[in-house]
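If you read the sequence from its start, that first residue is 1, and numbering goes on from there.
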Amino acid sequence: MMRRYASKFINWHLGLKNFSFSMVGCEAESYYASRNRKCQGFFSGHLNGSLPKAYATYCAKLPEDPQSTNLASDMLIDSFGRMHTYLRISLTERCNLRCQYCMPAEGVELTPSPQLLSQDEIVHLANLFVSSGVDKIRLTGGEPTIRKDIEDICLQLSNLKGLKTLAMTTNGITLARKLPKLKECGLTSVNISLDTLVPAKFEFLTRRKGHERVMDSINAAIDCGYNPVKVNCVVMRGFNDDEICDFVELTHNKPINVRFIEFMPFDGNVWNVKKLVPYMEMLHRVRKQFPGLKRLQDHPADTAKNFRIDGHLGMVSFITSMTEHFCAGCNRLRLLADGNFKVCLFGPSEVSLRDPLREGAEEHELREIIGAAVCNL
């Protein structure tokens with residue numbers, strides 16, 4: 001049955017034909033080389049051996065004993081030796097806001113509902129990843145809370161054996177009233193997006209009202225015992241960069257982790273470098289007003305640089321997507337609402353898991369498709 005999906009592999013593969021790095025100074029180079037040979041062997045059997053060279057300029061630390069990796073989790077190891085244990089699942093393409101840096105005022109063309117993953121399909125695929133070594137799932141969108149079966153999805157995912165963290169990233173518009181039930185259903189972590197503390201600016205940026213509801217959701221998350229409550233703030237010069245220290249103040253008496261995110265280019269967000277406020281500039285502003293700012297020890301797979309301020313209950317973090325890349329430690333995979341599997345957020349390549357699933361592919365065949373995609377990164 002594997003040959004039935006060969007065309008999908010080929011299309012996915014050709015999307016990376018111009019993608020190349022050069023390997024420098026990796027202590028585990030011999031293991032990466034063996035992984036590349038294994039990948040080439042897989043593709044030579046199914047794709048006539050057409051595999052582009054892919055090398056890394058730097059790489060994440062491998063487990064001390066690579067041989068201990070079992071066959072199931074081996075599908076989650078890429079050609080750089082990174083073990084991908086974090087799956088982001090988009091539950092919907094729909095959103096109840098129209099943030100100017102995210103989508104046009106009229107919205108975007110949506111995938112027809114029959115082509116989106118059902119609840120059972122989401123859980124089926126999630127179980128495949130968790131049983132192979134994924135221990136963290138984050139639910140995203142669109143806006144995940146507008147999905148009517150969100151509680152049932154959380155309940156089923158939280159019961160997957162081996163899953164340690166079930167998180168959600170949300171705009172907070174409808175979260176406050178749903179959060180108690182979501183916590184009962186196993187939601188263990190919450191990220192709430194909020195780019196301004198000024199209601200008028202919120203309405204301008206999102207083209208919708210709702211600032212008060214987002215603030216209510218942050219407080220509701222605290223009341224429900226989430227610690228920390230992560231607040232994601234995309235910083236844009238000339239719009240909200242004057243609020244950086246105001247956001248930091250939120251961490252004084254509440255268990256809030258404010259995460260400042262460098263403005264990133266995506267299709268349609270009218271990105272230009274003048275809007276970017278670099279991490280070092282943000283850090284300087286915070287340190288000037290809060291001299292007690294101290295760097296914390298980050299997890300190797302963290303995308304954020306984490307800090308704590310003396311006397312503050314919460315934390316401050318910076319996500320340096322533009323000025324200091326964190327590709328070397330990346331352990332993330334993405335399953336889109338239409339069932340497409342995406343290994344790299346900034347990469348153009350996707351491979352459908354929905355189609356083979358609906359055509360009756362067995363689990364080992366789905367694992368081969370996933371493993372080939374990850375291996376070719």
Carboxylate-amine/guanidinium contact Asp302 Lys305, below 4.0 Å: no

State whether a side-chain donor-acceptor pair under 3.5 Å links Ser90 with Arg334. no

Distance, nearest 0.5 Å, that separates NZ of Lys164 from OG of Ser189: 15.0 Å

Could you tell me whether the side chain of Asn219 and the main chain of Asp216 form a donor-acceptor pair under 3.5 Å? no

Would you give the length of the straight line joining atom CG of Leu87 to atom CG of Leu157, rounded to the nearest 0.5 angstrom? 9.5 Å

Is the distance between the ring centroids of Phe318 and Phe307 under 6.0 Å? yes

Distance-only, no hydrogens or angles: does the Thr251 side chain make a donor-acceptor pair with backbone N or O of Ile256 under 3.5 Å? no

Look at Glu281 together with Arg237 and state whether they make a salt bridge at an N to O cut-off of under 4.0 Å. yes

Pairwise side-chain contact, Ile153 with Leu91, heavy-atom cut-off 4.5 Å (strictly under): yes

Between Val286 and Met282, is any pair of side-chain heavy atoms under 4.5 Å apart? no

Lys294 bridged to Asp310 by N-O distance under 4.0 Å: yes

Are Leu333 and Phe129 packed together at the side-chain level, in the sense that at least one heavy-atom pair is separated by less than 4.5 angstrom? yes

Expected output: side-chain Asn159 to main-chain Gln156 donor-acceptor under 3.5 Å: no

Distance col, row Met215:CE vs Leu197:CG, nearest 0.5 angstrom, shows 6.0 Å

Verify side-chain contact (heavy atoms from CB on, under 4.5 Å) between Ser193 and Thr170, making sure each step is shown before the conclusion. CA-CA 6 Å; Ser193 299; Thr170 169; over 6 Å; no

Side chains of Thr174 and Thr145 only: does a donor on one sit below 3.5 Å from an acceptor on the other? yes

Side chain to side chain, Asn232 and Ile192, heavy atoms closer than 4.5 Å: no

Approximate separation, where rounding is to 0.5 Å, of Phe247 CZ and Thr196 OG1: 6.0 Å

Test item: Ile137 and Leu163 side chains (from C-beta on) under 4.5 Å apart, heavy atoms: yes

Checking side-chain polar atoms at under 3.5 Å, does Ser118 have a donor or acceptor matched by the opposite partner on Arg354? no

Are Arg259 and Asn306 linked by a side-chain donor-acceptor pair shorter than 3.5 Å? no

As an exercise, state the distance from CZ of Arg82 to CZ of Arg332, rounded to the nearest 0.5 Å. 11.0 Å

Has Glu363 got a side-chain atom pairing as donor or acceptor with Leu128's backbone, closer than 3.5 angstrom? no

Centroid-to-centroid, His312 to Phe290, below 6.0 Å? yes

Residue pair Met168 / Leu182, side-chain heavy-atom distance below 4.5 Å: yes

Tell me yes or no: between the side chains of Glu93 and Thr111, is some donor less than 3.5 Å from an acceptor? yes

Whether Asp78 side chain and Val374 backbone form a donor-acceptor pair below 3.5 Å: no

Step by step, would you call Asp135 with Thr165 a side-chain hydrogen bond (donor to acceptor under 3.5 Å, both in side chains)? CA-CA 7 Å; Asp135 59 16; Thr165 302; over 6 Å; no

Are Lys136 and Asn331 linked by a side-chain donor-acceptor pair shorter than 3.5 Å? no

For residues Ile218 and Leu194, determine if any side-chain heavy atom of one lies less than 4.5 Å from a side-chain heavy atom of the other. yes

Applying side-chain contact (heavy atoms from CB on, under 4.5 Å) to Leu366 and Glu368, what does each step give before you reach the verdict? CA-CA 5 Å; Leu366 292 170; Glu368 285 182 331; over 6 Å; no

Between Glu143 and Thr92, does any side-chain donor sit less than 3.5 Å from a side-chain acceptor? no

Output the distance between atom SG (Cys154) and atom NZ (Lys183), rounded to the nearest 0.5 Å. 13.5 Å

Measure from the side-chain N and O atoms of Lys201 to the backbone N and O of Phe239, and report whether any donor-acceptor pair falls under 3.5 Å. yes

Can you find a pair of side-chain heavy atoms, one from Val123 and one from Glu121, that are under 4.5 Å apart? no

Looking at Lys209 and Glu203, is there a salt bridge between them, counting it only when a charged N and a carboxylate O are closer than 4.0 Å? yes

